[in-house]
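So the structure is just underneath, and the comments pick up after that.
Numbers here simply count residues along the sequence, with the first being 1. In each ligand, atom 1 is the first atom listed, and ligand 1 is the first ligand listed.
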Amino acid sequence: MTQETISNQMWGGRFEDKPDDIMEQINASIGIDKRMWRQDITGSIAHAEMLAKQEIISQDDAQKIIDGLKQIGEEIAGGNFEFKPSLEDIHMNIEARLRELIGDTAGKLHTARSRNDQVATDFRLWTRDAIDEISHLIEDLQDVLGDLADKHKDDVMPGFTHLQAAQPVTLALHMDAYACMLNRDKLRFIDCRNRLNKCPLGSAALAGTPYPIDREYTSEKLGFDRPTHNTMDAVSARDFANEFLFCAAQTGLHLSRLAEEIIIWATPQFGFIQLSDAWSTGSSIMPQKKNPDAAELVRGKTGRLNGNLVQMMTVMKGLPLAYNKDLQEDKEPVFDSYEAIRLCLLAMKGMLETATFKTDAMRKSAEMGYTTATALADWLVMNLGLPFRDAHHVTGAIVKMAERKSCKLDELELASMQEIEPRITNEIYKALKI
Ligand code: ARG
């Protein structure tokens, strides 16, 4: 058969006709999965080494294959590689180029392997790298929040419930709350990494392979903890991708809460924070404006992060064992969520590092809105032995009095408060001051 009559060099043996143009378009994933070229080459090198060690192919052939793969890696890294949609995906693009470079020996690489265990391996490797990078970015942001917490231990601000001033807190406590959320996010990513770090190679199409392969060897070479347990599960499991997408969505959700606070704090009405020029934009019509676009975009990316999770969960729903081509839809959402969460973490870090916190405005705001009322009630309980409900009632009356006099709680005279509860002493002012 000539090249012309073969519909596809990799699997076209029983085919006479070429695929329809649209078939080629819907089938091709190279535009997306070319991103995994490094992982594909690393995985193939480990596989070739194993085949030689087990004497399934000769050392000579393995060396030719490995040298060819390394050259392809250099070509791709240098931008000198032509990715062809007619060759479907990254795996077949690389193998076809290998054949151009070393001839028929290239065909031996795919011994004891299928694209199904190959892609599952590549994708796990890629996701593992992404998790390592994202965990570090989360740590960097945690550091920035930690530094802010250290710096603002004594800076008082209103703490809110229902976005109504509730009790005074410190900016440190507020920043540390986000550091805690991010810590859980990081642990979730690490947990996902631990679970995914098993090597599918050797599962082949779905039922394993009759060759005397050494799965422990490839697994170890590729930095996996061990080979996967069940071949059918290994080629069709993508819950690691779903977990990754959830981890990214949850992290994004936490960042969106912080972003929302930054947006509110940056309004002239709040005036708690001023973003640096580098992290704001102006308005083309309203010269007075300085918009917190980066924070808004971090908030907005939550839509895409949640969407990607739902997309992948929906792709997986009801899929029979084992591999189905639906699974090819797995990479785009994962790559997209990686990009989005990476940008969000970097932008949040940049914004916070360069922002000015208006601690005077925060303190002033904490002094308004009777935020020490709960402290007053607690004082009544602890010093006068009032049941809390009664103390709450007395405090309510005192707040009402301050409202009537348009003054802060600590500006009320002792005698006025004693009209409501005669046993109150001068000591009360300790509780009333911010
Ligand atoms: N590009 C494919 C994917 O991402 C590779 C696996 C193809 N396997 C197959 N049996 N057609 O899923």
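Relative to the six-membered ring of Phe123, Lys331 meets both conditions, a distance below 6.0 Å and an angle of at most 45° to the axis. A cation-pi arrangement, defined by a distance under 6.0 Å to the six-membered ring centre and an angle within 45 degrees of its axis, is absent between Arg188 and Phe246. By the 6.0 Å and 45° rule, Arg184 does not stack over the aromatic ring of Phe189.
Atoms of ligand 1 found under 4.0 Å from any heavy atom of Ser29, numbered from 1 in the order shown, are 1 (N).
Residue-level proximity to ligand 1 for Ile90 is absent, since no heavy atom of it falls below 4.0 angstrom. Counting heavy atoms under 4.0 Å from ligand 1, residue Gln118 does not touch it at all.
Gln250 and Asp185 are not linked by any side-chain donor-acceptor pair at a separation below 3.5 angstrom, with hydrogens and angles left out of the test. Defined by atom type and a distance below 3.5 Å, a donor-acceptor pair is missing between the side-chain atoms of Asp89 and Ser29. Inspection of the His392 and Arg389 side chains reveals no N or O donor paired with an N or O acceptor under 3.5 Å. Under the 3.5 Å distance criterion, with hydrogens and angles disregarded, a donor-acceptor pair is assigned to the side chains of Gln63 and Asp67.
Summary of contacts: the protein heavy atom closest to atom 11 (N) of ligand 1 is Arg115 NH2, 3.5 Å. Nearest to atom 3 (C) of ligand 1 among the protein's heavy atoms is Tyr323 OH, 3.2 Å. Closest to atom 4 (O) of ligand 1 among all protein heavy atoms lies Lys331 NZ, 2.6 Å. Considering only non-hydrogen protein atoms, atom 10 (N) of ligand 1 sits nearest to Asn116 OD1, 3.0 Å. Ranking protein heavy atoms by distance to atom 2 (C) of ligand 1, first place goes to Gln328 OE1, 3.2 Å. If you check which protein heavy atom lies closest to atom 5 (C) of ligand 1, you get Asp89 OD2, 3.4 Å.
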For a salt bridge (charged side-chain N to carboxylate O under 4.0 Å, His left out) check, start with the C-alpha distance between Lys64 and Asp60, then their side-chain angles and the critical distance, and finish with the verdict. CA-CA 6 Å; Lys64 270 191 214 146; Asp60 256 15; 5.8 Å; no

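Polar contact with ligand 1: absent for Asp330 (N/O pair, distance under 3.5 Å). The distance criterion of under 3.5 Å between nitrogen or oxygen atoms is not met by His91 with respect to ligand 1.
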